[in-house]
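Throughout, protein chains are lettered first and strands after them, A, B, ... in sequence-line order, and every chain is numbered starting at 1.
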Amino acid sequence: MAHGEVRAVNTARVAEALADARSSGDALRLVSGGAWLDANRPVRASSRLELAENRGITAYEPGDLTITARAGTTLREVADTVGAARQWLPLDPYGTDHATVGAIVATGSSGPLATGYGTPRDMTLGCEFVSGSGLVVQAGGRVVKNVAGFDLVRLVTGSWGSLGAITEVTLRLRALPQRDVTIALPLDAGAGAAGIRSLAPLPAAAELLSPRLSERLGFGGVEVLLVRLTGSELAVNAQRSALAALGGAARDEEVDRWAALRAADDHAAAIVRISTLPSELPRTWKLACALTASFTGAWCSAQPVRGVVRLVFPKPGEGDLQWERDLAARLAALTSERMRAIFERLPAALWTTLAPSALGDGLSRGIKERFDPGSILNPGIWGEPA
Amino acid sequence: MELIERLEQVVGARRVLRRRSELVTYAADGLPSYNKLPSLGVFPGTREELLSVVRVLAEANVAFVARGAGTGLSGGALADGVVLLGLNRLSRIISIDAENGLAVVEPGVVNAALTRAASVHGLHYAPDPSSQAACTIGGNVAENAGGPHCLKYGVTLNHVVACTVALPSGEIATLGCASGEADGLDLLGAFVGSEGCFGVALDVTVKLSRDPQSVRTMLADFMSMDDAAQSVSSVIATGIIPAALEMMDNPTIRAVEASIYAAGYPTDAAAVLLIELDGAEAGLAEEAALIASICMAHGAREVRVASDPAERARLWQGRKKAFGAMGRISPHLVVQDAVVPRTKLPAILERIAEIGARHRVKVCNVFHAGDGNLHPNIPYDAGDADETARVHLAMGEIMRACVAAGGTITGEHGIGIDKLDYMEDLFSADTLSAMCALRDVFDPDRRSNPGKVVPLHSCREWRMAKSAQ
Ligand SMILES: Cc1cc2nc3c(=O)[nH]c(=O)nc-3n(C[C@H](O)[C@H](O)[C@H](O)COP(=O)(O)OP(=O)(O)OC[C@H]3O[C@@H](n4cnc5c(N)ncnc54)[C@H](O)[C@@H]3O)c2cc1C
Ligand SMILES: Cc1cc2nc3c(=O)[nH]c(=O)nc-3n(C[C@H](O)[C@H](O)[C@H](O)COP(=O)(O)OP(=O)(O)OC[C@H]3O[C@@H](n4cnc5c(N)ncnc54)[C@H](O)[C@@H]3O)c2cc1C
């Protein structure tokens with residue numbers, strides 16, 4: 001659908017592009033790495049605004065444990081820069097390290113490490129963005145604690161480019177842990193979920209893998225709890241013994257198991273995240289396993305500590321018309337009092353039946369109207385009417 | 001019917017205060033330098049009453065200010081000729097779900113009361129402002145309050161998962177959700193820290209954290225501020241995140257030791273660091289030894305480890321009551337709150353000392369050093385016009401020095417009315433306009449805590465709209 005393509009290498013250019021869009025009325029599809037444009041609701045836009053070339057580290061003082069980078073900087077570049085000072089950004093959203101920091105903050109993306117380190121909401125100290133209305137906003141700051149004024153950082157984090165184009169972000173860093181160990185435990189959801197939540201301190205990551213995902217990643221097709229422990233030698237050893245007490249023969253694994261897990265769903269046609277209370281996780285997990293087992297090639301994984309289950313459905317075979325209908329029917333039954341389904345990716349036709357709009361309330365609509373009155377930024381991403 | 005009568009119908013005549021003698025109790029918050037009388041005080045006792053009051057005020061188009069315990073340190077809860085909405089009677093803990101580590105509370109629940117109630121489950125509410133014995137969860141949410149243990153565990157924002165809010169219009173909005181993840185804009189994140197300007201929290205769902213297996217509390221004392229500040233940077237650089245890392249300078253130490261909260265701090269030290277480590281027992285002793293050796297390498301005279309819970313409590317009591325102890329030195333106290341990047345701590349402390357000396361005022365530093373969150377406080381006598389002027393000059397210079405160092409003007413106390421003047425030093429006109437735009441969505445008529453946080457003249461659009469009317 002995109003006709004034009006504009007490249008913006010700095011904030012001034014982004015502001016110009018937005019001003020042009022306001023006056024012409026041509027809506028913009030914001031694009032950084034472009035790896036995840038099929039996520040969230042379909043966008044109606046005639047032009048693309050390419051933001052990836054606005055990149056580079058703006059400020060990095062290791063002793064402050066913070067970094068400021070232009071939005072198009074990739075996770076890899078951040079890791080290389082801060083790794084030299086034995087620090088890291090403990091953020092591993094699905095996909096690859098080519099993901100850009102601007103898009104990660106814009107989408108609030110996270111991955112397995114969210115269990116121990118939180119999500120972009122917890123790590124973003126500040127950001128610069130150009131609002132659809134044309135304001136160049138410096139939200140938050142570069143310090144780790146800050147309550148000056150209303151929190152525009154949280155407003156923009158996870159807003160999917162619907163309020164503004166992010167041009168720079170400041171993130172909180174950590175020192176690299178002395179030890180970083182990955183362990184696979186053949187545990188079922190019931191034992192795994194309860195056991196892992198009682199571990200003190202909590203692990204850096206803990207993911208349950210369904211049999212199909214376990215097979216795919218080389219764990220032999222049985223349900224597995226994949227755990228990552230970070231910290232001092234002594235602390236990690238203590239955690240390891242606590243884990244061993246949960247049962248099952250623990251096996252040490254390579255750290256790049258995580259990269260494989262993050263990359264597993266490259267060509268998925270539908271991805272659904274279910275959010276539930278941790279105590280409900282075993283039940284929800286059973287349901288998710290049964291649901292994915294009935295679709296060819298589908299699988300699920302879960303973060304028992306956070307109460308999140310993720311269901312992944314690959315594209316069906318050529319000419320499989322029933323697939324979409326079946327999927328719609330099964331997914332529609334997912335939202336209940338006990339759990340909430342958040343759709344990350346869906347066949348375009350299913351959005352209107354499963355999750356028509358996330359701007360149902362007056363506050364969200366009001367914010368969209370104020371920050372992007374001309375609806376020039378990623379219109380449709382929240383399912384708002386044209 | 002008159003407004004007063006309608007409010008009395010909702011809450012009962014006893015719960016509507018209108019006499020000056022009754023209202024003076026609410027004329028100030030934790031900052032005694034401001035005094036403003038509300039037009040009325042209304043004290044609902046239930047959620048339904050609170051909601052009805054907000055609706056009556058909306059119909060009458062009357063402005064109001066929510067007030068929790070009134071311990072705020074930026075003048076945020078002051079009601080200047082408008083209705084004060086007292087929430088201290090809404091103090092019910094609605095539920096505790098120990099299995100999922102969640103609690104639902106009314107806004108007037110006192111912070112420490114929640115932790116007390118959770119303690120039977122081996123849980124606690126992590127954000128622990130030094131005022132925790134008095135301040136309320138509603139006030140904590142409004143200020144996005146921090147505390148010593150926020151270095152490791154995060155501030156209020158990181159511990160609130162949902163909130164039901166009465167918007168100033170009287171409508172109800174549910175922000176966030178108990179299980180955490182949601183589709184759509186982060187309205188909860190926008191509400192936390194909005195200083196009462198976005199409506200009134202009717203109930204709050206917070207996370208409860210498991211009590212740590214073990215704790216080590218240490219006191220390191222130094223003969224120079226700079227040595228203490230350098231130690232802070234070196235500790236942070238190890239990658240060990242202490243549960244708390246607090247610093248007190250000599251004037252603060254003396255004030256504490258002269259008070260009933262005397263904690264046994266060495267009164268001849270230039271500065272002490274109060275360092276706490278917690279977590280699994282395994283490895284904790286080694287981490288404590290490493291941190292002690294770092295302090296010694298930076299010239300500490302001694303690093304003392306609290307030998308039992310009583311000593312630990314005493315060390316903390318001195319820190320938590322430090323503002324109170326300073327308040328006893330002189331009739332008045334300016335409490336300040338600013339943040340600098342952590343590597344700038346040694347330089348900014350030197351600068352603050354220089355500014356204090358030049359203006360002949362006594363700066364007492366007691367602060368969350370691990371976060372770079374400073375509290376340079378100045379005891380003084382407001383009756384002395386010359387001294388008062390010097391105090392204000394010094395404070396202005398200190399704040400601008402923090403901003404120039406790449407910092408910010410408040411890390412936890414909020415803007416309220418006290419810091420309005422600094423907002424334009426920190427934020428661009430566009431950024432302030434964006435804040436105004438956000439506020440307009442929640443409170444288009446600016447009836448909820450009017451005149452706070454963003455200077456009115458910064459709100460271009462709003463000003464234009466009003467003048468057009
Ligand atoms: C196969 C795959 C699966 C994924 N699964 C998940 C998942 O399950 N959960 C999860 O949290 N993340 C997931 N991600 C997301 C991911 O890790 C990153 O968020 C994403 O890769 C960002 O990289 P990008 O630069 O390519 O973004 P893009 O694809 O360019 O953009 C992603 C979105 O962000 C918007 N955007 C981009 N840049 C900006 C900007 N500067 N300002 C405002 N808006 C902007 C775009 O309009 C678009 O809607 C997945 C990614 C991939 C590739
Ligand atoms: C000795 C002392 C030590 C302190 N130490 C710390 C510290 O370590 N860390 C820290 O962060 N702060 C600290 N403070 C400041 C203060 O205690 C906090 O800001 C606290 O969160 C205020 O809570 P409160 O209930 O007293 O709120 P109040 O002072 O009554 O109100 C503060 C603001 O919150 C708004 N508000 C109150 N309730 C609601 C509600 N239900 N809905 C919407 N808005 C509401 C008010 O309108 C006002 O703007 C300290 C204060 C003192 C006096």
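Both the backbone and the side chain of B/Met435 come within contact range of chain A, judged by heavy atoms closer than 4.5 Å. With a threshold of 4.5 angstrom between heavy atoms, A/Leu199 approaches chain B through N, CA, C or O but not through any side-chain atom. Only the side chain of B/Ile241 has a heavy atom closer than 4.5 Å to any heavy atom of chain A. For B/Leu175, the part lying near chain A is the side chain, with the backbone staying farther off; criterion is any non-hydrogen pair under 4.5 Å. For B/Ala173, the part sitting under 4.5 Å from any heavy atom of chain A is the side chain, from C-beta outward, and nothing else. With a 4.5 angstrom heavy-atom cutoff, B/Leu187 touches chain A only via side-chain atoms. Neither the backbone nor the side chain of A/Ile274 comes within contact range of chain B; no heavy atoms are under 4.5 Å apart. Only the side chain of B/His368 comes within contact range of chain A, with at least one heavy atom under 4.5 Å from a heavy atom of that chain. Residue A/Leu163 touches chain B through its side chain alone, counting heavy-atom pairs closer than 4.5 Å. For a residue to count as touching a neighbouring chain, one of its non-hydrogen atoms must lie under 4.5 Å from one of that chain's; by this rule B/Glu99 touches chain A with backbone and side chain alike. For B/Phe198, the part sitting under 4.5 Å from any heavy atom of chain A is the side chain, from C-beta outward, and nothing else. With a threshold of 4.5 angstrom between heavy atoms, A/Phe343 does not approach chain B through any atom at all. Contacts of B/Ser233 with chain A are absent, with no heavy-atom separation under 4.5 Å from either backbone or side chain. When heavy atoms are compared at a cutoff of 4.5 Å, A/Ser232 approaches chain B solely by way of its side chain, counted from C-beta outward. Heavy-atom distances place the side chain of B/Glu195, and not its backbone, under 4.5 Å from chain A. When heavy atoms are compared at a cutoff of 4.5 Å, A/Thr66 does not approach chain B at all. For a residue to count as touching a neighbouring chain, one of its non-hydrogen atoms must lie under 4.5 Å from one of that chain's; by this rule B/Leu151 does not touch chain A.
Under 4.0 Å is where a charged nitrogen must lie from a carboxylate oxygen, and between B/Asp183 and A/Arg41 at least one such pair does.
With a 4.5 Å cut-off on side-chain heavy atoms, A/Val144 and B/Arg342 count as touching. Residues B/Val155 and A/Lys145 meet the side-chain proximity criterion, which asks for heavy atoms closer than 4.5 Å. Looking at heavy atoms from C-beta onward, B/Ser428 lies in side-chain contact with A/Gln138 at the 4.5 angstrom threshold.
One finds the CZ atom of A/Arg154 at 8.0 Å from the CG atom of B/Asn144 (value rounded to the nearest 0.5 Å). Distance check, rounded to the nearest 0.5 Å: CG of A/Leu234 to CD of B/Glu287 gives 8.5 Å. Note that CG of B/Leu157 and CG of A/Asp122 are 7.0 Å apart. Values are rounded to the nearest 0.5 Å. To the nearest 0.5 Å, the span separating CG on A/Leu152 from CZ on B/Phe427 amounts to 8.0 Å. Once rounded to the nearest 0.5 Å, the distance linking CG of B/Leu185 with CH2 of A/Trp160 reads 12.5 Å. Here the CG atom belonging to A/Asn146 is positioned 7.0 Å from the CG atom belonging to B/Leu426, to the nearest 0.5 angstrom.
Note on A/Ala242, A/Gly149, A/Ala200, A/Ala175: by heavy-atom pairs under 4.5 Å with chain B, the leading option is A/Gly149. Between chain B and the residues A/Ala139, A/Ala238, A/Ser133, A/Ala148, the most heavy-atom pairs under 4.5 angstrom are made by A/Ala148. Across A/Leu65, A/Val136, A/Ile381, A/Val236, the residue that shares the most heavy-atom pairs under 4.5 angstrom with chain B is A/Val136. Contact count against chain A (heavy-atom pairs under 4.5 Å) is highest for B/Gly411 among B/Ala282, B/Gly411, B/Gly189. Taking A/Arg197, A/Glu128, A/Glu61 one by one and counting their heavy-atom pairs under 4.5 Å with chain B, the maximum is reached by A/Arg197. Of the listed residues (B/Gly372, B/Gly414, B/Pro341), the one with the most heavy-atom contacts under 4.5 Å to chain A is B/Pro341. No other option in B/Gly279, B/Gly101, B/Ala190, B/Cys177 has as many heavy-atom pairs under 4.5 Å with chain A as B/Cys177. Highest contact tally toward chain B, considering only A/Leu155, A/Ile342, A/Asn237, A/Asp151, is held by A/Ile342 [criterion: heavy-atom pairs under 4.5 Å]. For chain B, the option among A/Ala59, A/Ser275, A/Ser357 with the highest count of heavy-atom pairs below 4.5 Å is A/Ser275.
For B/Leu438 against A/Phe150, the heavy-atom pair with the smallest separation is CD2-CB, 4.2 Å. When all heavy atoms of A/Val147 and B/His413 are compared, the closest pair comes out as CG2-N, 4.1 Å. Minimum heavy-atom separation, A/Arg340 to B/Ala182: NH1-CB, 4.0 Å.
The backbone N or O of B/Glu181 lies less than 3.5 Å from no partner atom in the side chain of A/Arg306, so there is not a single donor-acceptor pair. B/Asp430 contributes no side-chain N or O that, together with a main-chain N or O of A/Val137, makes up a donor-acceptor pair within less than 3.5 Å. Judged by distance alone, the side chain of B/Thr343 and the main-chain N or O of A/Asp64 form no donor-acceptor pair under 3.5 Å.
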Step-by-step side-chain contact (heavy atoms from CB on, under 4.5 Å) determination, A/Leu135 to B/Thr431: CA-CA 7 Å; A/Leu135 299 170; B/Thr431 306; over 6 Å; no
